[in-house]
Each structure stands twice: as structure tokens, then as C-alpha cells.
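Written out below as C-alpha cells is the structure these notes cover.
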Amino acid sequence: MLAVQTAPAAPTTFTPPPPLSPPAPSKLATVLPSNIPENAPEHCPGTESEQAGLAPGCEGCPNQDTCATAPKGPDPDLPAVKERLKDVKRKILVLSGKGGVGKSTVSGMLGWAFSQDEEKNTGMMDIDICGPSLPLMFGLNSSRLHSTSAGILPLSVLPNLSLISIGFLLPSSNSAVIWRGPKKNGIIKQFLKDVDWGELDYLVVDTPPGTSDEHLSVVQYLGESGIDGAVIVTTPQEVALQDVRKELDFCRKVNIPVLGVIENMSGFVCPSCGGESDIFIPSTGGADALAKEWDVELLGKVPLDPRIGKSCDFGVSFLDEHPESPASQAYVKIVDRIKEKLDALP
């Protein structure tokens, strides 16, 4: 049989597209306190009105179903939430408009890193109602919640690290949570109002992808207690960045200060030789360009390390198991910077 010879392919060069234009100021109009969506009809009663989604002016509005089921008006339990969280010093949301970028992993790493200071107490709140991951990541997948006269007790991971998640309320880890918005809102309120958090230096809230019910609920219920900042997680490629921009826009519209952006999966670290290579190409400039575009800080870049996934599956701290990894070193620097920014707040 004759071998077919082919000419070697001509080398190709990758030319990234031009950077995206920064968002126009008009797109950053504040939703609060007007509570009128940009695409609302002329006679919109406002998203917090008791008539939201029900008034005659709501007919035909694309937001009608959402408004009709969302919490309305100043919630009477907000003072109770504020009282419950009065001994929680700093509250941090971990956000990303895109799924699969590693929000829960980053949340877990923040929890492990904060807890390395034995004089500081850290609480983790998992509000990814349909896909809770933190129970597995902290080795508590088969645990169940208990309550006392003081409230629901968060489960202890370490003496200074505790966790609450809907995963502790499910019959099994395979049980689906098939809930509409109001039930999601209710469990988030319960986590804030009825859990006996005690004295905490940090409360880290792990959120699902998007800018929907869970995000609106936690922002509303923490309205009187205050949110100290959001950590935005992305990966380098444009398919993630386009949704992360929506999350940054959400933060601006609901007045959540952004502590900074973390570029997760930023290259790959070989556990054998320690070499690094790019897996996801930052075709539009990655998190560097995103941070400049939105005038936020790039907290750091975390490379892929397959041992991170293994540590999460076994519920152990990757930072303690592999402190020599470039990923661990990146997380330590990121957490140190977050602490600096939080310490500078009033």
C-alpha cells in the first residue's frame, strides 16, 4: 500500500479581536431606589409595589411573571435579619453570570483560606438552591441540620468554620430541588433569619449563576445589614466574559460594591512537572481587559490544577494539602488582598 504524502500545514497566527467598548453610562442606570425596570411599560407600579405584576399597567410587560412572584415592599423580617447578623462583621457574595466557572470552588477556597487564621470565625452560606456543592466540598455531604432554642445550627467544618446549605435538608444528594421563586426566597430568608450564626468575622455567600431570584433575594434580605462586597468569578474565554459583564451590571444596578474579579482556570499546571499552559484562550483579553473595561480590580488569576477537583471531591482543603501549587499560592495572594480591602472599609 502506498503512503500518501501531504504537505505540512501552513502555520497560522491567532489575531485577537479588538477589545470591546466600555458600557455606555446610560446602561448603568441604578435600578434602586426607583425599582422600575428599563423595559417596563409607562405605568409600571415598581417591582417592590404590592401591585407589581398584578396592576393593569403590568399587562404585556415581559417582567410580569417575575414581578408577580418576587418579594414585594419592605419585608417585615428585615429587622429580624439585621438583628440575627449584628455580630457578623463582613458579608461577601461570590457571583458570576456564567455557570461552570468555579464559583463554588472559589467560595470554598475563600472559606478554607479565611479559616487558616484561627482567631477569625468564618461562615459559609450556600444559596445555590438547585445545585448545592459546598456540603461535598467540605466533607459534610451526609450530614443533617439540627436546631436549638437559639435557632438552626450551622454545621461545623472546623472550630472556626461553619456551613449552611439546602443540601443538608435533602433526602439524598441525588434529590432534585424543583422550586419556583417564592420557595427559593423563603429558604434564603430562613438561612439569614433563623440560623444561629453567632459571632463571625466573615460570611461568604455562594450563589448560583445568573442575576435572578436568589440574587435579588439575598440583596433584599441583606439590605439593612449591608453587603461589604462581591467577588466576581470568570474564566478567560469570551463565552464566560459576556455573562460576567451582566453580573457586573447587576452589581452596579443594585449598588453592591465589587471587591474585584478572579480569573479562574487561568492556564493549566501539570502536577508532575509544574509546567503551565493555556487551556482557555483569552480571545478578548480575558479578565485583564474585563477589569479595565469595568474599572474594577483584578484580584488574581488561578491556574487549573487537577488536584483541586480531587480535594473538593474528598472534602479536604486544597490549600493545606498542596501549599506548593501555583493555584494555592494564587489563592493566598487573592485572599490577602480581599482582607486588605475589607479591613479598609469603615
Side-chain angles (χ1 to χ4, degrees), residues 20-78 81 93 95-101 103 127-131 166 176-193 205 207-224 227 230 232 234 238-258 290 293-294:
L20 298 174
S21 301
S26 61
K27 294 182 180 179
L28 301 178
T30 303
V31 169
L32 302 179
S34 68
N35 300 306
I36 305 295
E38 294 178 1
N39 59 347
E42 181 179 358
H43 300 292
C44 173
T47 57
E48 291 189 356
S49 167
E50 292 294 335
Q51 294 299 310
L54 306 174
C58 298
E59 291 296 328
C61 176
N63 308 302
Q64 184 175 10
D65 289 342
T66 301
C67 290
T69 58
K72 300 177 182 67
D75 192 290
D77 287 325
L78 291 184
V81 172
L93 304 185
L95 303 169
S96 178
K98 191 69 175 176
V101 298
K103 286 184 306 303
I127 64 167
D128 192 342
I129 306 301
C130 295
I166 194 175
V177 178
I178 309 173
W179 287 357
R180 294 188 186 274
K183 292 199 72 174
K184 292 181 180 180
N185 300 336
I187 194 69
I188 293 171
K189 182 197 291 187
Q190 190 173 12
F191 284 171
L192 292 169
K193 181 174 71 75
V205 182
T207 68
T211 54
S212 191
D213 289 312
E214 295 90 336
H215 310 79
L216 292 171
S217 295
V218 75
V219 169
Q220 178 186 1
Y221 296 142
L222 290 176
E224 293 191 8
I227 298 171
I232 310 296
T234 187
E238 177 59 26
V239 72
L241 293 168
Q242 66 177 355
D243 289 335
V244 173
R245 292 186 188 94
K246 298 178 178 69
E247 199 73 40
L248 286 165
D249 188 43
F250 169 82
C251 289
R252 290 190 177 182
K253 287 179 175 178
V254 298
N255 298 320
I256 301 175
V258 175
L290 177 75
E293 177 187 342
W294 287 82

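FYI, side chains are in, hydrogens and waters are out, and symmetry mates aren't considered; it's all heavy atoms of this structure.
Using a 4.5 Å heavy-atom threshold, the side chains of Lys183 and Val177 count as separate. Residues Val258 and Trp294 are not in side-chain contact: their nearest non-hydrogen atoms beyond the backbone lie 4.5 Å or more apart. A 4.5 Å side-chain heavy-atom check between Val218 and Glu214 finds every atom pair outside the cut-off. Between Tyr221 and Asp77, every side-chain heavy-atom pair lies at or beyond the 4.5 Å cut-off. Looking at Trp179 and Asn185, their side chains never come closer than 4.5 Å, going by heavy atoms from C-beta outward.
Once rounded to the nearest 0.5 Å, the distance linking NZ of Lys193 with CD1 of Ile188 reads 14.5 Å. Remark: Leu192 CG to Gln220 CD distance equals 11.0 Å, nearest 0.5 Å. Once rounded to the nearest 0.5 Å, the distance linking NZ of Lys253 with CG of Leu248 reads 12.0 Å. Atom CD of Glu247 and atom OG1 of Thr207 lie 6.0 Å apart (nearest 0.5 Å). Taken from CD1 in Ile166 to CG in Asp128, the straight-line distance is 10.0 Å, to the nearest 0.5 Å. Distance check, rounded to the nearest 0.5 Å: CD of Gln242 to OG1 of Thr234 gives 10.5 Å.
Just one of Val101, Leu95, Ile232 meets the side-chain contact (heavy atoms from CB on, under 4.5 Å) condition when paired with Val244; it is Ile232.
The two residues Gly53 and Cys58 make their nearest non-hydrogen contact at N-SG, 3.3 Å. Ile256 and Ala230 make their closest contact through CG2-CB, 3.8 Å (heavy atoms, listed as atom of the first residue, atom of the second, distance). Val239 approaches Lys98 most closely through the heavy-atom pair O-CE, 3.7 Å.
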Show, in sequence, the C-alpha distance, side-chain angles and deciding distance for Ile129 and Asp213, and conclude whether the side chain to side chain contact (heavy atoms under 4.5 Å, CB included) test is met. CA-CA 10 Å; Ile129 306 301; Asp213 289 312; over 6 Å; no
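Side chain of Lys103 to backbone of Gly99: no donor-acceptor contact under 3.5 angstrom is found.
The existence of a salt bridge linking Arg252 and Asp249 is excluded, since no basic side-chain nitrogen approaches an acidic carboxylate oxygen closer than 4.0 Å.
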